[in-house]
4 protein chains.
Amino acid sequence: MASESGAPGGDAAGAGAPLTERGARTRERLLTAAREVFEERGFLDTRVAHITRHAKVAYGSFYTYFPSKEAVFLEVADRLFADMTQHDLVPLEGPSPAARVRRANRAYYEAYRRNAKMMAIIEQVSTFNVEFQEMRRKHRAVAVSRSAKAIRRWQAAGLAPADIDPEMASRALAAMVDHSLYLWLVQGEEPDDRLLDTLDTLSIRALGLDP
Amino acid sequence: MASESGAPGGDAAGAGAPLTERGARTRERLLTAAREVFEERGFLDTRVAHITRHAKVAYGSFYTYFPSKEAVFLEVADRLFADMTQHDLVPLEGPSPAARVRRANRAYYEAYRRNAKMMAIIEQVSTFNVEFQEMRRKHRAVAVSRSAKAIRRWQAAGLAPADIDPEMASRALAAMVDHSLYLWLVQGEEPDDRLLDTLDTLSIRALGLDP
Amino acid sequence: MASESGAPGGDAAGAGAPLTERGARTRERLLTAAREVFEERGFLDTRVAHITRHAKVAYGSFYTYFPSKEAVFLEVADRLFADMTQHDLVPLEGPSPAARVRRANRAYYEAYRRNAKMMAIIEQVSTFNVEFQEMRRKHRAVAVSRSAKAIRRWQAAGLAPADIDPEMASRALAAMVDHSLYLWLVQGEEPDDRLLDTLDTLSIRALGLDP
Amino acid sequence: MASESGAPGGDAAGAGAPLTERGARTRERLLTAAREVFEERGFLDTRVAHITRHAKVAYGSFYTYFPSKEAVFLEVADRLFADMTQHDLVPLEGPSPAARVRRANRAYYEAYRRNAKMMAIIEQVSTFNVEFQEMRRKHRAVAVSRSAKAIRRWQAAGLAPADIDPEMASRALAAMVDHSLYLWLVQGEEPDDRLLDTLDTLSIRALGLDP
DNA sequence: CATGAATGAGAGTTCATTCAT
DNA sequence: GATGAATGAACTCTCATTCAT
């Protein structure tokens, strides 16, 4: 599956990976073009012809590298998720739980803003493509369980109240941040920069952390 | 708003409201069938033929009452929103802010569960239909401003901390509840009934209410 | 055939003629509306619904009086031809052949102008409806043979050169007048009132008449 | 003008000019088939499927080269007009005005007879397609102004009476010839070879030329 | 007679995918 | 590999005509 093989050379696409230098370049051009076109028109309104035209590649060449429109999208999304979860790799150790919540929220916000257009399309595809839903579910699960682990640690250290369910709380708060950003940055809900502060404050209060 | 233009009596282009009893029945059959088919297959995979077959009317009869697939959907969604927001009309006066938050969350949950399948489709359509996005935005705005007003009242009464932005907080918490239910009831995220309690607890804590 | 039964009460339409006073009025309303709508939108773009709406009559009532869209059109055209050929009945005796040519041309022009919109539609229908072509052919034949007879008389009286074929000449000159008016009044060819004088002059010269 | 936008090389919306030899052949097959089918069934009764079947190509291939039925028709008509006006390029210098009128009439007659079936369809389309009306108007204007210039020259040389309006006269006579041929060759008016001679004679007499 | 709903055979157009060169 | 033509199953919407009330 694409989520396991983000790097070129994997067998994500189902079509033979390019062996030559030239092939690799063409494939790359198609991927870049695909992302740009998807962002511009959405998945549904994107035609394979749009992608090849944008990539300045022959129509037929598309199918040399990708077995279908879904396949390119999956790979584009894969790269995006790599970018989105990169911040998680940053050492989460820091001065205080509250500070770390704030930092994580901001990092996610930055990543979201950077990829807002694709996030919109990802949301779109998630509504009808089961394979893709599964991919998202996995990504979410990883993030949620990481947060849950942190909460559990804080509870053990007496920094967070014990009556909170770590899994459920991280699921709910992730949903809050994620969807708030979606409504703001994708659906164009009236922008308001107080929102970010509010998300921090609510998260911290909800978890009973010392601000 | 859709409830004014989509309802019988409007003069949507090319389709008219039925003038006879019989026509009204056919229209109703189509609406019911439409909802059932949409729930079954999603908006994109629904064909007008599916709807008419399900309603046991001729293909062409569909266009006697609706100018397009989008139009029936809008009307189906309109009815759904009416049902979803009905609970808001319940008097919000109650024993305590925390109790009222719980009650509102539960009411929303019940409504969501009742309409989960359609909510999925509504999410789908929202990702590509601008007109429909606007309709949802308005519904959200109404709900959010109502919650904000409540928060403001509680702040004035000293029942909630003053440093919370009522608008932003209600936006964020609505997003939390809404999206958590979406991931659970629509996307099939591993079900867990602790989630509901967690949503209540987090909401109440986040708002600094006395549990 | 419609051309033989222009008056209500004939069996032109194939549907029973109206027996009651009320029926006659409805039928009349439909005929008037039909003409107006045909003139406005052309035959092809006219829908039966347009006609009934315009006549403020129920959709189904149309088929009480006319078996098809073609049938109303035929009857509308029939009335029009009656108006167009009325002027032929005016005694053609006059001071001189040239004067009579002029008078006939002007009379035709007046009639054409009066009915220009319908003439356009008639031309349209003639291009695909064989039955209708035949109707027009008959009308033309009558007019042409009448003119031919006049030319023959003038030849016998020494007022026109004998080397002209009366039938062919009247066919050709009728075509000239008819089509010139068509291009002018229907196709919107740059209007020019010198055209009428030219038609007279050319007709008279072509027939070798003393102006 | 159609000859600029309809011809290969234009970028008519949705359809492109073939880039390969093979594509050019397919396009040509479609054009030929289109003309044959149009002649056989008329514009209105022609289906795209008829054309593709006749050309032995897949249904969809039609839309590789033409954006619509109208578009092929425009291009077929364009080619026809090129053929119809070819004779105008023949040097008009000749023994006498009368002889040149005769020659022009005969050349037009030959062209008309060669293309009679398509002329019928062109007439049909002209009655409802505005774009196409404009195209015909332009072609007519060119032909008429050329004749008018000749008449003017003859008047200057004293070969034609000065009281004739050259523009109007050439419009009227063109209408006469055109429509007479139309009624004969298209509408199947009783054929008569005296008609051609009569058209010559009337034209010459009408213009006051020395036979 | 009047009314308006019901019918369903088309027709044009799209576009992912396959294939020939 | 690259190129672009070829394919044809869908799908939506129209509208003359028929029918039930």
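Convention: sequence-line order gives letters A, B, ...; per-chain numbering from 1.
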Q: List, one per line, each side-chain donor-acceptor pair under 3.5 Å for residues 36-44 of chain C, sequence neighbours excluded.
A:
from  : atom 1 : to    : atom 2 : distance (Å)
C:E36 : OE1    : C:H54 : NE2    : 2.7
C:E39 : OE2    : C:R35 : NE     : 2.9
C:E39 : OE2    : C:R35 : NH2    : 3.0

Q: When the distance from CG of D:D45 to C1' of E:dG12 is rounded to whole Å, what number comes out?
A: 15 Å
Q: In whole angstrom, what separates C:L30's CG from E:dT3's P?
A: 10 Å
Q: In dot-bracket form, 5' to 3', how is DNA chain E paired? Count Watson-Crick and G-U wobble pairs only if both distances fall under 3.5 Å, and write | where the partner sits on another strand.
A: .||||||||||||||||||||
Q: Do any side-chain nitrogens or oxygens of C:T26 fall under 4.0 Å of OP1 or OP2 in E:dC1?
A: no
Q: Between P on F:dA5 and CZ on D:R29, what's the gap in Å once rounded to a whole number?
A: 14 Å
Q: Check the distance between F:dT14's P and B:F66's CZ and give it to me in whole angstrom.
A: 15 Å
Q: Rounded to whole Å, please give me the gap between CZ in D:R25 and C1' in F:dG4.
A: 14 Å
Q: Applying side chain to side chain contact (heavy atoms under 4.5 Å, CB included) to D:V48 and D:Y59, what does each step give before you reach the verdict?
A: CA-CA 7 Å; D:V48 172; D:Y59 199 151; 3.4 Å; yes
Q: Check the phosphate of F:dG1 against A:S61, side-chain N and O only, distance under 4.0 Å to OP1 or OP2. Yes or no?
A: no
Q: In whole angstroms, how far is the P atom of E:dG12 from the OH atom of D:Y65?
A: 20 Å
Q: Could you tell me whether the side chain of D:R136 and the main chain of D:S126 form a donor-acceptor pair under 3.5 Å?
A: no
Q: Any salt bridge between A:R79 and A:E28, counting N to O under 4.0 Å?
A: yes
Q: Does D:T20 reach a base, just sugar-phosphate, or nothing at all? Heavy atoms under 4.0 Å.
A: sugar-phosphate
Q: Taking all heavy atoms of B:S61 and all of B:L30, pick out the closest pair and write down the distance.
A: O-CD1, 4.0 Å
Q: Between F:dT17 atom P and C:E70 atom CD, what is the distance in whole Å?
A: 7 Å
Q: Look at A:R22 and F:dA2 and indicate whether a side-chain polar atom (N or O) is within less than 4.0 Å of OP1 or OP2.
A: yes
Q: On DNA chain E, does the nearest nucleotide to A:F62 precede the nearest nucleotide to B:K56 from the 5' side, or the other way round? Give the residue.
A: B:K56
Q: Would D:F66 and D:L31 count as a side chain to side chain contact (heavy atoms under 4.5 Å, CB included) here? Give the steps.
A: CA-CA 10 Å; D:F66 305 97; D:L31 266 171; 3.8 Å; yes
Q: Ignoring hydrogens and angles, tell me if any N or O in the side chain of B:R29 forms a donor-acceptor pair with the backbone of B:K56 under 3.5 Å.
A: yes
Q: Looking at D:T46, is its backbone amide N or carbonyl O close enough to the side chain of D:K69 to form a donor-acceptor pair, meaning the two atoms are under 3.5 Å apart?
A: yes
Q: Show the distances under 3.5 angstrom between N or O atoms of the protein and N or O atoms of nucleotides 9-12 of chain F.
A:
from   : atom 1 : to    : atom 2 : distance (Å)
F:dC11 : OP1    : B:R47 : NE     : 2.9
F:dC11 : O5'    : B:R47 : NE     : 3.1

Q: In whole angstrom, give the distance that lies between atom CG of B:L19 and atom P of E:dA6.
A: 11 Å
Q: Select one nucleotide: of F:dT3, E:dT13, F:dA5, the one nearest the side-chain heavy atoms of D:S68.
A: E:dT13
